2 protein chains.
Amino acid sequence: MARQARALATRQAVLVAAAEVFDERGYAAATMAEILDRAGVTKGALYFHFHSKEELALAVIEGQGAWIATWKPATDSPVQILIDLGYAFAHALLDDPLVRGSIRLTIEHGSFTQPQIAAYQGWIDLVRGLLEQAREAGELRPGVDPGAAAGVITGAVTGIQLSSQVLTDRRDLVRRIGELWTLLLPGLVEPRALARLSIADRTS
Amino acid sequence: MARQARALATRQAVLVAAAEVFDERGYAAATMAEILDRAGVTKGALYFHFHSKEELALAVIEGQGAWIATWKPATDSPVQILIDLGYAFAHALLDDPLVRGSIRLTIEHGSFTQPQIAAYQGWIDLVRGLLEQAREAGELRPGVDPGAAAGVITGAVTGIQLSSQVLTDRRDLVRRIGELWTLLLPGLVEPRALARLSIADRTS
DNA sequence: GGTAGGATACCTACCGGACGGTATGCGGCC
DNA sequence: GGCCGCATACCGTCCGGTAGGTATCCTACC
């Protein structure tokens with residue numbers, strides 16, 4: 001595909017610029033002109049790498065999966081992994097433009113529903129998997145359905161991230177994630193397992 | 001202002017049509033042409049009542065406050081009111097186009113940040129007020145901060161509504177709200193108060 | 001190791017159309 | 001008859017996308 005190092009660099013510049021603009025404006029309000037300007041690239045260069053605005057957006061959405069793939073848990077307690085993942089995701093939302101843009105495009109339902117659902121489902125499956133491990137380890141409260149809980153947790157994180165963005169431009173995001181765990185964990189995990197967990201942000 | 005009954009009718013038709021289109025497409029992707037078409041009204045009629053697309057969107061956002069104003073609690077337990085409010089809101093999201101459009105416009109941040117924040121803050125204040133009442137009634141668990149919890153709850157409802165919309169077009173919204181309460185309430189209210197609550201949808 | 005020549009990577013100018021908004025006219029209720 | 005409520009036609013702009021040319025690089029053959 002892309003053979004030269006320079007080509008990869010411009011492609012990446014376009015991708016990051018597009019993610020930023022999509023994050024700030026949303027898909028429909030984002031203009032190619034602004035992406036071009038921010039990437040410092042001409043129209044021809046962009047359309048060489050991405051054939052349309054939609055294809056560019058899809059590539060940005062992919063960045064979400066890429067971020068998940070790079071993340072590695074630092075413990076073997078499934079619930080602790082879940083907590084840490086929440087914080088790690090919060091930091092990624094603050095720092096990584098690709099994640100930011102990807103999330104906004106996923107949340108905004110519009111022309112391309114299919115990849116949005118896929119991205120969403122990826123998160124839910126990840127969380128459900130962790131919760132099922134937790135249940136097998138006896139960490140979950142009885143009666144907690146991993147599938148339902150995974151839906152609630154991903155939804156809650158989505159919404160908290162969103163409200164934090166609208167209200168404070170995500171300045172209080174990490175704190176709010178902490179407050180979510182404080183409120184949510186008593187209904188989710190066994191009291192004795194709860195005592196062993198660290199609810200604080202352990203991001204190194 | 002609007003003197004004739006016919007004028008009120010067309011104004012309302014425009015408002016509802018706009019809310020629907022905003023709900024389905026978002027602000028930027030919504031076109032005046034589609035709103036016009038759906039309202040069965042001409043351009044002149046619309047621009048007589050609303051001077052711009054933005055003004056129309058702001059009027060739709062107002063509908064949110066209008067809905068809250070009409071809602072009356074059916075109990076005097078603050079936490080039970082909160083639960084009922086969640087379900088009532090879910091049903092409004094399913095049935096009331098103005099609420100649907102209003103929520104989408106509030107959620108997607110864009111040109112008019114000020115009214116969005118106001119609408120959001122209205123919900124948070126409402127929930128916080130209920131939680132403070134609950135604390136005074138001794139229903140809250142010790143250590144629960146009403147302000148923080150209100151932020152978490154509104155955020156969670158927002159996100160759950162959104163994920164339900166993306167994944168199932170809101171078909172499972174009511175069930176998901178129930179799952180949220182199931183998971184959230186143990187961390188929020190005193191066990192003995194929890195026993196007195198009805199977590200199910202009590203919408204008559 | 002120099003150069004032909006094709007592929008890769010990119011630039012510039014332009015186009016069709018859709019979109020938000022306006023100007024102006026006109027009928028009907030008070 | 002006058003203003004409220006609407007209809008119609010039109011306008012300027014901006015936007016996504018394309019056409020076609022050009023530079024840069026890689027490979028191969030001498």
Side-chain angles (χ1 to χ4, degrees), chain A residues 1-61 101 104-105 108 110-113 115, chain B residues 1-61 101 104-105 108 110-113 115:
Chain A
M1 289 298 171
R3 316 287 283 277
Q4 301 175 207
R6 178 185 55 140
L8 286 175
T10 60
R11 190 196 143 91
Q12 188 66 15
V14 169
L15 205 58
V16 169
E20 288 178 7
V21 177
F22 283 143
D23 172 49
E24 292 168 22
R25 315 243 182 247
Y27 179 77
T31 73
M32 290 291 161
E34 187 170 2
I35 295 173
L36 261 16
D37 187 53
R38 210 174 289 201
V41 158
T42 63
K43 220 165 201 180
L46 188 150
Y47 275 94
F48 174 78
H49 290 285
F50 305 96
H51 294 29
S52 70
K53 186 182 181 182
E54 180 168 340
E55 188 177 317
L56 185 51
L58 292 178
V60 170
I61 292 183
R104 167 129 194 196
L105 289 176
E108 239 181 28
S111 15
F112 27 89
T113 31
Chain B
M1 292 298 169
R3 316 288 286 275
Q4 299 176 208
R6 179 184 54 142
L8 286 174
T10 59
R11 191 197 142 90
Q12 187 65 14
V14 169
L15 204 58
V16 170
E20 287 178 7
V21 177
F22 283 142
D23 172 48
E24 292 168 22
R25 316 241 182 250
Y27 179 77
T31 72
M32 289 293 167
E34 188 170 1
I35 295 173
L36 260 16
D37 187 53
R38 211 175 289 203
V41 157
T42 63
K43 222 164 201 182
L46 188 150
Y47 275 94
F48 175 78
H49 290 283
F50 305 96
H51 295 23
S52 70
K53 187 183 183 183
E54 181 168 339
E55 188 177 317
L56 185 50
L58 293 178
V60 171
I61 292 183
R104 168 129 195 197
L105 289 176
E108 72 179 8
S111 13
F112 26 92
T113 32

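Please read all numbers here as calculations on a predicted model, not as lab measurements.
- What separates CZ of A:F50 from C1' of C:dA9 is a distance of 14 Å, to the nearest Å.
- Here A:E34 pairs with A:R25, A:R38 under the salt bridge (charged side-chain N to carboxylate O under 4.0 Å, His left out) rule; sequence neighbours left out.
- Legend: residues meeting side chain to side chain contact (heavy atoms under 4.5 Å, CB included) with B:A57, ordered by chain and number and at least two apart, are B:F22, B:Y27, B:L105, B:F112.
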Anything under 3.5 Å between a protein N or O and an N or O of nucleotides 14-18 of chain D, put it in a table, one pair a line.
| from | atom 1 | to | atom 2 | distance (Å) |
| --- | --- | --- | --- | --- |
| D:dG16 | OP1 | A:A30 | O | 3.0 |
| D:dG16 | OP1 | A:K53 | NZ | 3.2 |
| D:dG16 | OP2 | A:M32 | N | 2.8 |
| D:dG16 | N7 | A:K43 | NZ | 3.4 |
| D:dG17 | OP2 | A:Y47 | OH | 3.1 |
| D:dG17 | OP2 | A:K53 | N | 2.8 |
| D:dG17 | N7 | A:K43 | NZ | 3.2 |
| D:dG17 | O6 | A:K43 | NZ | 2.4 |

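- Rounded to whole angstrom, the span from the CG atom of A:L46 across to the P atom of C:dT8 amounts to 19 Å.
- Residues passing the side chain to side chain contact (heavy atoms under 4.5 Å, CB included) test with A:F48, sequence neighbours excluded: none.
- Rounded to an integer number of Å, the gap from CD of B:Q12 to P of D:dG5 is 15 Å.
- With a 4.5 Å cut-off on side-chain heavy atoms, A:H51 and A:Y47 do not count as touching.
- Look at B:H49 and you'll find a side-chain N or O under 4.0 angstrom from OP1 or OP2 of D:dC6.
- As rounded to whole Å, 11 Å separates atom P of C:dC19 from atom CG of B:L36.
- Residues meeting the side chain to side chain contact (heavy atoms under 4.5 Å, CB included) test with A:S52, sequence neighbours left out: A:E54, A:E55.
- A search for side chain to side chain contact (heavy atoms under 4.5 Å, CB included) contacts involving B:A13 returns nothing, not counting sequence neighbours.
- For A:F48, counting side-chain heavy atoms from C-beta on, the closest listed nucleotide (D:dA7, C:dC11, C:dC10) is C:dC10.
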